[in-house]
Structure formats: C-alpha cells, structure tokens
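First listed ligand is number 1; within each ligand, the first listed atom is number 1. Computed over heavy atoms, backbone and side chain alike; hydrogens, waters and symmetry mates excluded. Along the sequence shown, residues carry numbers from 1.
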Amino acid sequence: MSRDPRPPLEPVTTDAAPTSYGSRPRAPWHDALLHAETSEALVGAVHAATRVAADAVRRADGPFTGADPGVLESRVAATDLDTPLGGLDDALSELGPLYLDDAVYFHHPRYVAHLNCPISVPAIAADVIASSINSSMDTWDQSAGATMIERRLVRWTADRIGLGPRANGVFTSGGTTSNLQALLLARDHTLMLCGEAVDSPALHRLRILASEDGHFSVVKAASLLGMGGDAVVPVAVDDDRRMDPEALSRALSRMREEGLVPMAVVATAGTTDFGAIDPLAAIAGLCRAHGAWMHVDAAYGGGLLASPSYADRLAGIGSADSVTVDFHKTWFQPVASSVVVVRERRTLRHATYHADYLNPVDADPEEKPNQVDKSLQTTRRFDALKLWLTLRTTGADAIGTMFDACIDLATAGAAAYRARPGVEVLLDPPLSTVVFRVRPDGVPDGDLLDRANDEARDRLFASGEGAVAATKVDGRSWLKLTLLNPATTVADLEHVVDLLERHAADVVDEADSSTRSGTREAS
Ligand SMILES: *Cc1c(COP(=O)(O)O)cnc(C)c1O
C-alpha cells in the first residue's frame, strides 16, 4: 500500500502555524531546533553561512595567510565558550578571525601541497541536505532511500572497477578506514581458510606485503588488527617507484618456506608520494598463485575510474579482492567520502556483528537492508549523497576530465621544471604528482641542500604565497607538487618554484655568512 504523496508545503511565516503534527505551544527551544516551524529559518541560516564561506573563498588571494599557530591558538583560547553570542550572525562574524581569515584554501591555484581538491558545488549542496535530514546509514529504519542511493553508488563503483556480479561494499570516512576494513576482511578470510580462530597464534604468522611506498595506514591497520606493524613486509620498487613483481614473487616464496602466511598484498594505485601505480595485473597473477588476498589501495588513483583518457592505467584492478577509492581526493568531493568495495560480498560478513536493539540476528536482510551489517561504523553520515548529486548534475566524465587536466598539468609542470638549471625532477609524473628539489648554485647533495629545501618550503608556506608538500627520498629532502586543481596553470607552478628558488638561495646565503662569521650552525 502506498500513501498519497505529501502535499507541497507553503512557506511558514507565522509563529503558531499549524503543521502536519498540529500546532504546539512555543517552547524555549523553539528556535534552536529544526522542525516544521523553523524550516524557513534553516534556509536563512544556511544562506548566511554559505555567504560567509563564499566570501572567504572569494577573498583568499593566496592559499594561506601564514598565520602563526600561537596567534590562532590564543584567539581561539580567548573565546568564552560559556557565554554564547545569542545570534548566528555574530557567531559567524566571530569565525573570521578564528578560522576563515586564516584558513588553508585548497581551491587556490597555488595550493599544490597535499591530496586535497577543490570541491564540486552540487556536492556541497548535497551536504546541506544530508545534514538537514540527518539520515544515519546504520539501519534501514534510520535511512530508507539513503541506503538505496549508497548501495547503487557502491554497485556503480564496483562495475567501473570490474569486480563482477557478487561485488559489494560500503562507504567509509576515508582511505585509512577503507584500508583497515579491507585488511580486516582479508585477515578473517585467511584465518577461516586456515581453520584458525582470529585470536589464535596463527594470527602472528600472517603477513601483508606492500610496496615500500605504500600508505602508512596499512601499517596502522596491521597494528590495529593485532598483527603488529612488523607484519607489513615492504616490497622493493623499480626506478619508476612501482612495486617490483620479481621482488614480490621472491618475498612470497620465501614466506612460504619460512612457514609464514601471505595474508594480503596491498597494491597501491597512485602512491601518496609519487603517484606510482603498481603493476596490478602482474600482482594479481602472483596473488592467485600464492592464495593471497589482493587489495588495491586506489585512494588516490581511483579518479582514473572516471577518466576519459587515462583509465587504462588501472588495467588489472578488476582482479582485486578489495579496492579502496577516496572520492574526497580525485573525485572533487568534500571530506569525507570514501568507499571500500569487495569482489565477494560474502566476505563482508567478517565485519558483521548483531545487536538486538539495532540489527537482530534474525532480521531478513532483504526486508531490512541494514548497512551497519557491513560497516565498521554504527551511526554514519549520508556521505554518498554528494557523489550522487555530482553525478546527477555534472556526471562522471566531467570529474574524469578535471582529473585528466591535473595529470596533463603534472606532465607539463615537470617539463617546465626540468628546463630550469636550478631544479631537479625525480621522475616523470605517473599521475598528478611532481617530486622535485631546488638546487641553489653549487650546493652538493647533503645536509645543506636538505635544509635549503625544507626551509624554502616552510618560508613559502609562512609567506602565504604558495603551499607545496615535502618528502624524503633515500633519506634526502625533496619537495612535492600534488596537483588536484584543474585551474592551476604551468605559470602558477613556475611562480611557485621561482619563490622556492629564492628562499633556498637565501637559506644558503645565511648558512654561508654564519659559517664565515664563525657562528655555530643550527643543525
Ligand atoms: C590518502 C591516502 C590514504 C588515506 O586516505 P584518508 O582518506 O586520508 O584516510 C590511503 N592510501 C593512499 C595511497 C592515500 O593517498
């Protein structure tokens, strides 16, 4: 039986307008909560808030102001949290000095530091709806259509990956959680195949193999899963920073000889530092031969699933047992939006626990589709809605085209940097990351060069004129552009490196003059 659709609502303007649940006396909290009579006030509040956010975005003339942590700390500390301002407008104004005036702005073309992206406008609008309705994804009776939207997006993602008809998965708060969940499933699946309990000593014979450039969340997951961080065995990479399949093959064979169990191989599709994509097809073959679970950490490279030009770089991903995709990185979605997808939906039962008050063990999953049965979280935001609204508004091709532009920018930027005598580029960008360092005149590889690069980066950030990331390669300091903004141009990248070269030269000059004057060098 279906009910008549609800009648359209007239805007509510009077204080005691009747609602579908009758008129009620005005309570002291009347204005504080969202309900039928304050629904128009919500529109005003969100308008005021987006006004403030939009103005902040428009005003930002650099990625950052260079504000000092101590200054912001004391401004925040001076706020009297026990004395409310009483009105949203005042509270919004107060956010200027506390946060918005000195925030880090990822939409700015010279923000080229971490894996943060400018975000899709329909996605932000979706977040307003998700917050206003406040569905919780744990059970059907808290989410209804939201569960169906999330499920459809999981299915859609699984189809793009090519995981086959039995695939399933769940949205998570990020790649860290997605990787943790995938490895939890791999752990329990492997122990089940060995006929061992999760708390058996066999747990300590399990090993996870990941390239030496794998994400640190893999080590964290191993630790949280009771295996210890040392259970993650690093596999050597080739000159292009991709996992070397020969080295993987040797490591797998050695493990067998030592009586260890290769529980999972984590192939990274887009390493955080270099954007390298491990050879997925070769790794899949080795996983099959050795009975190891293949997890693909595509937190970064997952954007290629939407790419009109470069999707083939993920060839082989369809052979995975599980895949992590971060929509909040290369899909231009606001934080948080990530998914873990598995080839065999049955494996998700390793994350299933029942509670009589929530998802009783005898509930029929067809009748009561409860997402909590496959999630590590319980109460969970409707984070799938933003991707849904983005796909329904602009579509996947638009997302993929923006990511393609970032990949092309990385190629062009690396070429421009290579053309400069004072800049060294580590490798051709496999994705949208450029690893480089500046080399002030005549400074050899060593501590001074490291310091010049580290300091140049800090000074650039403190100046507010640009933001780049840093990493170590073979123990030495390098700098990194992570390009996720299709609006950034090669000219922006040239500007950033001009500034870095100038700062680095200053650092070297200062070191020279302090040596000459006999001052002890800071280390
Ligand atoms: C960013 C990243 C993660 C972690 O994802 P979060 O969403 O930050 O938790 C995992 N793996 C790789 C390769 C990443 O780049």
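Residue R349 places its CZ atom among more than 12 non-hydrogen atoms of other residues, nucleotides or ligands, all under 6.0 Å distant. Within a 6.0 Å radius of CG in D312, more than 12 heavy atoms belonging to other residues, nucleotides or ligands are found.
For ligand 1, the atoms sitting less than 4.0 Å from at least one non-hydrogen atom of K329 are 1 (C), 2 (C), 3 (C), 4 (C), 5 (O), 14 (C), 15 (O), numbered in the order shown with element in parentheses. Contact atoms of ligand 1 toward A299: 2 (C), 3 (C), 10 (C), 11 (N), 12 (C), 14 (C) (distance under 4.0 Å to a heavy atom of the residue). The ligand atoms of ligand 1 that sit less than 4.0 angstrom from a heavy atom of L115 are 15 (O).
Ring geometry, F171 versus F327: the interplanar angle falls under 30°, so the pair is classed parallel (tilted spans 30 to 60°).
With respect to atom 4 (C) of ligand 1, the closest heavy atom belonging to the protein is H215 CE1, 3.4 Å. The single protein non-hydrogen atom nearest to atom 7 (O) of ligand 1 is D326 OD2, 2.6 Å, given as residue, atom name and distance. The protein atom (non-hydrogen) at minimum distance from atom 6 (P) of ligand 1 is G175 N, 3.3 Å. The protein atom (non-hydrogen) at minimum distance from atom 9 (O) of ligand 1 is T176 OG1, 2.6 Å.
Listed for the D326 side chain is no donor-acceptor partner under 3.5 Å among the backbone atoms of Y300.
Taking 4.0 Å as the cut-off between side-chain N and carboxylate O, R242 and D240 do not count as a salt-bridged pair.
Polar contact with ligand 1: present for T272 (N/O pair, distance under 3.5 Å). Looking at H328 next to ligand 1, an N or O pair under 3.5 Å apart turns up.
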>> Using side chain to side chain contact (heavy atoms under 4.5 Å, CB included), reason through Q181 and V342 one step at a time and then give a plain yes or no.
In response: CA-CA 10 Å; Q181 176 155 1; V342 298; over 6 Å; no
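With F403 as the partner, the side-chain contact (heavy atoms from CB on, under 4.5 Å) test is satisfied by one option alone out of D408, L431, L483, L305: L431.
Within the 4.0 Å heavy-atom cutoff, N179 counts among the residues contacting ligand 1. Distances shorter than 4.0 angstrom occur between a heavy atom of G270 and an atom of ligand 1.
For atom 13 (C) of ligand 1, the nearest non-hydrogen atom from the set D297, V335, V266 belongs to D297.
Judged as a side-chain contact (heavy atoms from CB on, under 4.5 Å), and not counting sequence neighbours, the contacts of D101 are R59, P97.
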